[in-house]
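What you see is a predicted model; the values in this text were computed from it and never measured. Excluded from the calculations below are hydrogen atoms, water molecules and symmetry mates; all remaining heavy atoms, backbone and side chain alike, are included.
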Amino acid sequence: MGCWSICICGDETTVSVSGKQYVTSDRVIDNNDILTIDLSPQIGNIWGDYARTIILENGKVVDDIELIQNQEWKSGLQIEEKLHAELLTFVTKETTFEELYYYMNEFILKNGFVNLDFMGNLGHSIVKVKSDRVYIEKGNKSKLGEVKYFTFEPHIAFPDSKYGYKKENTYYFETS
């Protein structure tokens, strides 16, 4: 079993890089800080993906978004929740990766945020061979129902903010 991870905090949370280019910074996490952890565990050829932005206030993790005191951080995590809820109302097996890309990027902009992803995408399929991965991106006409699993991982920020937010979940369609 293996796992690679990216861990960024504070004003580095807007940084978007591939795992291959990521370099751990020499930084101490403050008592009041924002932290994003992005994990990619692997067993053999089976990959997983999970990312969360975590808020620390007064030296403790704030588990309930509504209890976050920093209003900017609270708003960022609230919109991440809203994005994932919107995904569930929008997608069907017939939705293309490109349709999801355009719809969710417009949703992000309408809510006052920008997409920070270095490739501009919002997620990808989960596959056994990484080179077979397809992305939620412009030009991808594949249907979501054509893949077994896909992630949705918007990495967003308010324009010109020094803080970014990310929440990644893996999704699939139930078969009857």
Would you check if [X] and [Y] make a side-chain contact, meaning some heavy-atom pair closer than 4.5 Å?
| X | Y | answer |
| --- | --- | --- |
| Leu144 | Leu100 | yes |
| Ile156 | Ile79 | yes |
| Lys167 | Phe152 | no |
| Lys162 | Thr14 | no |
| Leu122 | Asn115 | yes |
| Thr151 | Asn169 | no |
| Lys74 | Gln69 | no |
| Ile34 | Ile54 | no |

[X] and [Y]: side-chain donor and acceptor closer than 3.5 Å?
| X | Y | answer |
| --- | --- | --- |
| His84 | Tyr171 | yes |
| His155 | Glu168 | no |
| Thr53 | Glu80 | no |

Residue that, paired with Lys166, satisfies side-chain hydrogen bond (donor to acceptor under 3.5 Å, both in side chains) out of Thr13, Thr36, Asp117, Asp38: Asp38

What are the two closest heavy atoms between [X] and [Y], and how far apart are they?
| X | Y | value |
| --- | --- | --- |
| Phe158 | Ser75 | CZ-CB, 3.8 Å |
| Ile68 | Trp73 | CG2-CB, 4.2 Å |
| Ala157 | Leu116 | CB-CD1, 3.6 Å |
| Ser125 | Val147 | CB-CG1, 3.9 Å |
| Asn121 | Gly123 | OD1-N, 3.1 Å |

Should [X] and [Y] be regarded as members of a common hydrophobic cluster, given that ILVMFWY residues are connected when their side-chain heavy atoms come within less than 4.5 Å of each other, either directly or indirectly?
| X | Y | answer |
| --- | --- | --- |
| Tyr163 | Val62 | yes |
| Ile126 | Val134 | no |
| Ile65 | Leu35 | no |

Heavy atoms of other groups near Asp160 CG, more than 12 under 6.0 Å: no

Stepwise side chain to side chain donor-acceptor pair (under 3.5 Å) test for His124 and Glu137: CA-CA 9 Å; His124 53 81; Glu137 65 184 349; over 6 Å; no

Under 3.5 Å: donor-acceptor pair, side chain of [X], backbone of [Y]:
| X | Y | value |
| --- | --- | --- |
| Asn70 | Glu72 | yes |
| Asp33 | Ile29 | no |
| Glu81 | Gln78 | no |
| Asn140 | Ile136 | no |
| Glu146 | Lys143 | yes |

Plane angle bin for Phe150 and Phe173 - parallel if under 30°, tilted between 30 and 60°, otherwise perpendicular: tilted

Ionic contact status for Lys110 with Glu106, cut-off 4.0 Å: yes

Salt bridge Lys141-Glu98, side-chain N to carboxylate O under 4.0 Å: yes

Residues Asn58, Asn31; criterion side chain to side chain contact (heavy atoms under 4.5 Å, CB included); working and verdict: CA-CA 5 Å; Asn58 300 314; Asn31 281 336; over 6 Å; no

